[in-house]
Amino acid sequence: TFLEMTERPNYPRPALPSGAPAALLHAVKPPTRYFLSLYDAVGSEYHWLDMHELPADELTDFVQDEKVELYTLIRDGWPAGFFMLDRRTAEICDIAYFGLVPEAIGLGLGTYMLHTAIHMAWDGEDTKTVTVNTCTLDHPRALGTYQKAGFEPVKQEQRSRKG
């Protein structure tokens, strides 16, 4: 399911969640192994495999592109989740990756992180549309969560994975 938002949402930018110490950190030109460690920590239970299939140079080019931003939510000193903003297409900011590690699900961090990602996506000076995609391999509440945050489905595709 492909979703988009064409106006900044009317909810405020969220404050960091209360409780355990937390910080949202921007990784500048992160090594691909750092990205893959987050990708695997969040996506392994959902069969996220695609980025492992890319040639190493293509993966590095994506992760270190100046128009791709990687943010890690650190909670109690460990990565609780991450998101990536992809601004490589004019006037569009895609939330390319978004998720929490299994141990962080249910702690109230997902809404904070998603609303923050959305506001940061809209902070781009030429952003006219924010997009995100989800599928049946993602968390079962992903589609509803995105819609509750203000995204609207614009297209669906049927695909299957071999193997």
Side-chain angles (χ1 to χ4, degrees), residues 1-6 8 23-75 78-105 109-110 112-143 145-147 149-163:
T1 302
F2 297 80
L3 302 105
E4 70 178 33
M5 182 183 293
T6 56
R8 185 184 285 267
L24 186 63
L25 303 177
H26 178 209
V28 179
K29 291 205 179 275
T32 55
R33 63 183 164 75
Y34 179 71
F35 163 72
L36 286 174
S37 71
L38 294 170
Y39 178 84
D40 291 342
V42 168
S44 64
E45 293 185 19
Y46 306 112
H47 306 284
W48 289 8
L49 304 169
D50 299 5
M51 296 308 275
H52 288 284
E53 296 169 1
L54 281 181
D57 58 335
E58 284 183 41
L59 180 59
T60 299
D61 289 348
F62 169 69
V63 171
Q64 295 188 353
D65 191 296
E66 64 183 26
K67 293 183 178 184
V68 175
E69 304 164 20
L70 171 64
Y71 293 90
T72 308
L73 179 63
I74 304 293
R75 176 87 181 239
W78 49 271
F82 82 105
F83 63 87
M84 291 184 90
L85 302 178
D86 182 351
R87 301 178 188 279
R88 295 177 298 165
T89 302
E91 300 184 347
I92 296 172
C93 183
D94 182 50
I95 300 175
Y97 291 97
F98 173 88
L100 296 171
V101 300
E103 299 83 358
I105 293 173
L109 302 172
Y112 159 77
M113 204 167 72
L114 180 57
H115 287 192
T116 298
I118 290 167
H119 276 284
M120 292 174 80
W122 281 108
D123 289 345
E125 64 184 47
D126 76 334
T127 302
K128 294 196 180 354
T129 304
V130 176
T131 61
V132 68
N133 304 332
T134 190
C135 70
T136 55
L137 292 178
D138 288 340
H139 190 281
R141 293 191 310 253
L143 179 59
T145 299
Y146 293 141
Q147 289 177 298
F151 286 97
E152 300 209 6
V154 293
K155 182 172 93 170
Q156 286 190 325
E157 289 181 2
Q158 298 292 322
R159 294 185 192 175
S160 61
R161 182 176 277 170
K162 294 180 182 178

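Computed from a prediction, not measured in an experiment: that's the story for all the values here. Computed from heavy atoms alone, side chains included, the values below leave out hydrogens, waters and symmetry copies.
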Practice task
Specify whether Y97 and F62 have parallel, tilted or perpendicular ring planes, treating 30° as the upper limit for parallel and 60° as the lower limit for perpendicular.
Solution key: perpendicular
Problem - Step-by-step side chain to side chain contact (heavy atoms under 4.5 Å, CB included) determination, V68 to M84 - result: CA-CA 7 Å; V68 175; M84 291 184 90; 3.4 Å; yes
Problem - Side-chain touch E91/T127, heavy atoms, less than 4.5 angstrom - result: no
Completion exercise
Of all heavy-atom pairs linking L70 and P30, the shortest is CD2-CG, 3.7 Å
Exercise for the section: Supply the atom-to-atom distance K128 NZ to E4 CD, rounded to the nearest 0.5 angstrom. Expected result: 14.0 Å
Problem - Of all pairs that satisfy side chain to side chain donor-acceptor pair (under 3.5 Å), the ones with a partner from residues 113-122, not counting sequence neighbours - result: R8-H119
Handout entry: Minimum side-chain heavy-atom gap L36-H52 below 4.5 Å
Key = yes
Problem - Minimum heavy-atom distance between M113 and G99, given as atom pair plus value - result: CE-O, 3.2 Å
Handout entry: Heavy-atom closest pair, residues P102 and E45
Key = CG-OE2, 3.3 Å
Handout entry: Whether W48 and Y39 hold their rings parallel, tilted or perpendicular, with breakpoints at 30° and 60°
Key = tilted
Practice task
Tell me, please, which residues at least two apart from I74 pass side-chain contact (heavy atoms from CB on, under 4.5 Å).
Solution key: L25, T72, P79
Handout entry: Within-4.5 Å side-chain heavy-atom neighbours: V42 and F98
Key = no
Problem - Counterpart residues, side-chain contact (heavy atoms from CB on, under 4.5 Å), relative to L3 (two or more places apart) - result: T1, V132, T134, L143, Y146, Q147, F151, P153
Practice task
Provide the closest heavy-atom pair for Q64 versus K29 in the form atom of the first, atom of the second, distance.
Solution key: O-NZ, 3.3 Å
Exercise for the section: Please name all residues satisfying side-chain contact (heavy atoms from CB on, under 4.5 Å) with S37, sequence neighbours left out, ordered by chain then number. Expected result: Y34
Practice task
Determine, for D65 against K67, whether the closest basic-nitrogen to carboxylate-oxygen distance falls under 4.0 angstrom.
Solution key: no
Exercise for the section: Test I95 against V130 for side chain to side chain contact (heavy atoms under 4.5 Å, CB included), laying out the working first. Expected result: CA-CA 7 Å; I95 300 175; V130 176; 4.2 Å; yes
Handout entry: Minimum heavy-atom distance between A41 and V101, given as atom pair plus value
Key = CB-CG1, 3.7 Å
Exercise for the section: Report the C-alpha separation of F83 and L73 in whole Å, then their side-chain angles, then the decisive distance to 0.1 Å, and conclude whether the side chain to side chain contact (heavy atoms under 4.5 Å, CB included) test is met. Expected result: CA-CA 8 Å; F83 63 87; L73 179 63; over 6 Å; no
Exercise for the section: Would you give the length of the straight line joining atom CG of D57 to atom OG1 of T32, rounded to the nearest 0.5 angstrom? Expected result: 10.5 Å
Exercise for the section: Mark yes or no for whether R87, through its side chain, and A121, through its backbone, hold a donor-acceptor pair below 3.5 Å. Expected result: yes
Problem - Partners meeting side-chain contact (heavy atoms from CB on, under 4.5 Å) with E152 (sequence neighbours left out) - result: none
Problem - Residue of the set T131, I118, T129 for which side-chain contact (heavy atoms from CB on, under 4.5 Å) holds with M5 - result: I118
Exercise for the section: List in chain and number order the residues that pass side chain to side chain donor-acceptor pair (under 3.5 Å) with N133, two or more places apart in sequence or in another chain; answer none if no residue qualifies. Expected result: none
Exercise for the section: Can you measure from OG1 (T60) to CG (L54) and round to the nearest 0.5 angstrom? Expected result: 10.0 Å
Practice task
Answer whether the closest heavy-atom distance between the side chains of T145 and L114 falls below 4.5 Å.
Solution key: yes
Problem - Student check: side-chain heavy atoms of L59 and E53 closer than 4.5 Å - result: no
